[in-house]
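Numbered from 1 within each chain, the chains take letters A, B, ... in sequence-line order.
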Number of protein chains: 2
Amino acid sequence: MATPANLPHPTRADLDLPSVLFALSDPERLDIVRQLRSGPLDMADCSLRVPDMPKSTKSHLMKVLREAGIIRNEANGRGRRLTLRSEDLEARFPGLLPAVLDAPVQ
Amino acid sequence: MATPANLPHPTRADLDLPSVLFALSDPERLDIVRQLRSGPLDMADCSLRVPDMPKSTKSHLMKVLREAGIIRNEANGRGRRLTLRSEDLEARFPGLLPAVLDAPVQ
DNA sequence: CTGTTGATTCGATATTTTTCGAACCAACCC
DNA sequence: GGGTTGGTTCGAAAAATATCGAATCAACAG
């Protein structure tokens, strides 16, 4: 129950469409992905819709995104750096991420 | 508990991205959508991965797709005609459906 | 009219996902 | 060393989904 220096990430070839779509199908998770569009973000800096979300819940959201291969989650000082895996997603599912990110927010 | 002549469908403007992504995030449902790509199909004719799926389960899959606005489900003689709502999806979420349908199957 | 076929709905159960506190750890500061 | 901060993991409970039999109906065939 630690804070492992590095978490497992699927390789590009392992990306699975249903898992990716599922991870993106939650508004809260989708919102995180939208924030990462303009570049990596420290986990502490990414704002959630739910104001006082417990950290275990927040961590779980990130886990779903990471395990689907949508974000990379790396240790960075005391915290965590989140990066959108745009290139991997584009290589495996061309056009998918842009279509999702360009979709109307409401 | 009948077979109503017409089922409710969301309007184009009501299409909701998380709901669409969720509906597409199941392999069985995704497979149905792929089959509808080349044109409408009678429900009885669309083949399922699970060979002897109970009809109530099959009906539920169609309900999720219909309520997300991905397919249209209309009475057609004794059965049901399924149509992919490509134009509505393209109008609301440009590029999304093509990206999903062009993604590698495995 | 009777029987068959194709399909929806309800209700109950099973399974999956989400939520969240507690325990834990590593980095940083004093 | 001791305290604080940011974050993962476990485990249990809650909520959402999926599964499927039974009841029901409409269209069609004879």
Atom pairs, N/O to N/O, protein against nucleotides 27-30 of chain D, distance under 3.5 Å?
none

Under the side chain to side chain contact (heavy atoms under 4.5 Å, CB included) test, which residues partner [X], sequence neighbours left out?
{"X": "B/T83", "value": "B/P40, B/R72, B/E74, B/R81"}
{"X": "B/D26", "value": "B/E28, B/R29, B/L61"}
{"X": "A/E90", "value": "A/P94, A/P98"}
{"X": "B/T11", "value": "B/A13, B/D14"}

* Asked: Can you list, by residue number, the residues of residues 49-73 of chain B that have a non-hydrogen atom closer than 4.0 angstrom to DNA chain C?
  -> B/K55, B/S56, B/S59, B/N73

* Interface residues of residues 18-46 of chain B with DNA chain C (non-hydrogen, below 4.0 angstrom) ->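 DNA chain C contact set from residues 18-46 of chain B: B/M43, B/A44.
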
Whole angstrom is fine here: how far is it from [atom1] in [X] over to [atom2] in [N]?
{"X": "B/E74", "N": "C/dG6", "atom1": "CD", "atom2": "C1'", "result": "16 Å"}
{"X": "A/L82", "N": "D/dG7", "atom1": "CG", "atom2": "P", "result": "8 Å"}
{"X": "A/R81", "N": "C/dA27", "atom1": "CZ", "atom2": "C1'", "result": "16 Å"}
{"X": "A/R80", "N": "D/dT9", "atom1": "CZ", "atom2": "C1'", "result": "12 Å"}

* Which pairs, with at least one residue in residues 92-103 of chain B and sequence neighbours excluded, count as a side-chain hydrogen bond (donor to acceptor under 3.5 Å, both in side chains)? ->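 Passing the test, one end in residues 92-103 of chain B: B/R37-B/D102.
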
* **Within residues 57-69 of chain B or reaching into it, pairs that qualify as salt bridge (charged side-chain N to carboxylate O under 4.0 Å, His left out) - sequence neighbours excluded** => none

* To do: Kindly state each residue pair satisfying salt bridge (charged side-chain N to carboxylate O under 4.0 Å, His left out) with at least one member in residues 15-24 of chain A, sequence neighbours excluded.
  =>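 Qualifying pairs, neighbours excluded: none.
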
* Who pairs with B/D45 by salt bridge (charged side-chain N to carboxylate O under 4.0 Å, His left out), at least two apart in sequence or on another chain? ->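 Salt bridge (charged side-chain N to carboxylate O under 4.0 Å, His left out) check on B/D45 returns nothing, list empty.
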
* Test salt bridge (charged side-chain N to carboxylate O under 4.0 Å, His left out) applied to A/R85 - qualifying residues, sequence neighbours left out ->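 If we apply the salt bridge (charged side-chain N to carboxylate O under 4.0 Å, His left out) test to A/R85, skipping adjacent residues, the hits are A/D88.
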
* To do: First locate atom CG of B/L21, then atom CZ of B/F93, and finally report the distance between them rounded to the nearest 0.5 Å.
  => 8.0 Å

